[in-house]
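Given the structure is predicted, the values throughout are model-derived calculations rather than measurements. Letters A, B, ... mirror the listed sequences (proteins, then strands); counts begin at 1.
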4 protein chains.
Amino acid sequence: MTQGIAAEQLHSIVTRIETLEERKADIVGDIRDVYTEAKLNGFDPKIIRQIVRLRKLDRAEREEQEALLDLYTHALGMTADADL
Amino acid sequence: MTQGIAAEQLHSIVTRIETLEERKADIVGDIRDVYTEAKLNGFDPKIIRQIVRLRKLDRAEREEQEALLDLYTHALGMTADADL
Amino acid sequence: MTQGIAAEQLHSIVTRIETLEERKADIVGDIRDVYTEAKLNGFDPKIIRQIVRLRKLDRAEREEQEALLDLYTHALGMTADADL
Amino acid sequence: MTQGIAAEQLHSIVTRIETLEERKADIVGDIRDVYTEAKLNGFDPKIIRQIVRLRKLDRAEREEQEALLDLYTHALGMTADADL
DNA sequence: TCGCCTGATAGTTGCC
DNA sequence: GGCAACTATCAGGCGA
């Protein structure tokens with residue numbers, strides 16, 4: 001029955017991927033809709049994209065800063081959850 | 001107050017896009033997880049990907065066929081909703 | 001003389017790309033001409049495009065099928081050039 | 001026989017387009033090869049692309065300048081081929 | 001003829 | 001570190 005089980009597993013895998021991809025496609029469509037709406041309200045989609053990109057960079061940078069801070073505090077034994 | 005309204009709109013737009021992108025990233029992560037799980041169960045991800053791609057291609061072709069048929073029927077004035 | 005050689009190489013590269021792009025642009029023009037001619041002969045360019053697209057999709061699918069078959073046979077160690 | 005002739009024409013059109021597209025694809029491949037070669041020789045493809053783009057802009061600009069010059073000279077009756 | 005929209009292309013990121 | 005998949009951008013084609 002190994003064959004049958006494998007086939008079943010394979011089918012499950014493929015199906016799950018397809019479902020997820022479908023949901024992804026939906027979301028991409030939603031994003032496009034927001035850009036379209038933005039355009040209709042007089043906002044330049046290109047600039048909106050830049051803003052989104054910049055904010056993402058900011059977030060990444062902030063997280064890096066925090067990670068660095070964490071690293072230092074841990075190294076100095078200043079962490080709250082250390083050595084309990 | 002136009003300025004304020006515009007700023008508000010802009011903020012709404014950017015926020016909504018960011019939320020959607022977050023959800024998209026989650027789904028991409030889920031897809032990756034399924035591939036990882038597949039690999040752990042002995043399935044070659046490369047083959048899985050090809051299967052998914054092929055099934056997608058099948059769907060695309062089916063849709064193209066229908067679109068073509070539509071195009072022909074419309075071109076020939078055979079459309080059901082014509083001449084009402 | 002490394003600088004000089006590099007400059008020469010760079011020039012050769014850029015020139016070759018430009019020549020190829022020019023040829024590409026010519027071909028794109030030729031394709032457009034065929035569509036124009038088709039239109040003059042009463043064929044709807046839209047339908048022609050769809051036919052071309054569909055035939056391309058057919059080819060793609062055929063190739064995908066073969067690639068998949070290849071992948072399976074290789075995965076199962078059934079390849080002719082194995083174990084020599 | 002109109003049907004037959006039309007079918008023949010259609011086939012000719014589609015075939016010609018496909019041949020041209022094939023040639024186009026070949027050239028695109030050649031261009032990619034040049035970029036690959038450039039990379040192997042230590043040139044950054046990104047920069048090469050910028051150079052190509054800039055030179056194209058330059059050419060466009062030069063052509064515009066010439067067109068403008070033409071316009072003026074014609075307007076002033078200074079063109080060599082006028083009034084023959 | 002202009003604006004939109006789809007398809008082609010260039011750039012980026014993640015995997016091997 | 002190179003390569004391939006994916007994403008974002010851009011240009012050409014279509015419809016109003």
In whole angstrom, what separates [X]'s [atom1] from [N]'s [atom2]?
X        : N       : atom1 : atom2 : value
Asp44(D) : dG1(F)  : CG    : P     : 14 Å
Asp30(D) : dT9(E)  : CG    : P     : 14 Å
Ile48(C) : dG13(F) : CD1   : C1'   : 15 Å
Ile17(A) : dC6(F)  : CD1   : P     : 11 Å
Asn41(D) : dG2(F)  : CG    : P     : 14 Å
Glu21(B) : dC6(F)  : CD    : P     : 17 Å
Ile31(B) : dC15(E) : CD1   : C1'   : 16 Å
Tyr35(D) : dG2(F)  : OH    : P     : 19 Å

(message) Under 4.0 Å, counting only non-hydrogen atoms across every strand here, what does Lys46(B) touch: a base, just sugar-phosphate, or nothing?
(response) nothing
Hey, does the side chain of [X] come within less than 4.0 Å of [N]'s phosphate (OP1/OP2), counting only N and O?
X        : N       : result
Arg32(B) : dC15(E) : yes
Arg53(D) : dT9(F)  : no
Arg49(A) : dA8(F)  : no
Lys24(C) : dA8(E)  : no

(message) Strictly distance-based, threshold 3.5 Å: is any side-chain N or O of Ser12(A) a donor or acceptor partner for the main-chain N or O of Glu8(A)?
(response) no
(request) Check whether any side-chain N or O of Asn41(B) sits under 3.5 Å from a backbone N or O of Phe43(B) as a donor-acceptor pair, and report yes or no. (result) no
(request) Would you mind telling me which residue lines up with the more 5' stretch of DNA chain F, Val28(C) or Lys39(D), judged by nearest nucleotide? (result) Lys39(D)
(request) For Thr36(A) and for Gln50(D), locate the closest nucleotide of DNA chain E by heavy-atom distance; then report the residue assigned to the nucleotide nearer the 5' terminus. (result) Thr36(A)
(message) Rounded to the nearest 0.5 Å, what separates atom CD1 in Ile17(B) from atom NZ in Lys56(A)?
(response) 12.5 Å
(request) Would you give the length of the straight line joining atom CZ of Arg49(D) to atom CD1 of Ile51(D), rounded to the nearest 0.5 angstrom? (result) 12.0 Å
(request) Using a 4.5 Å cut-off on heavy atoms from C-beta on, say whether the side chain of Asp33(D) contacts that of Asp30(D). (result) yes
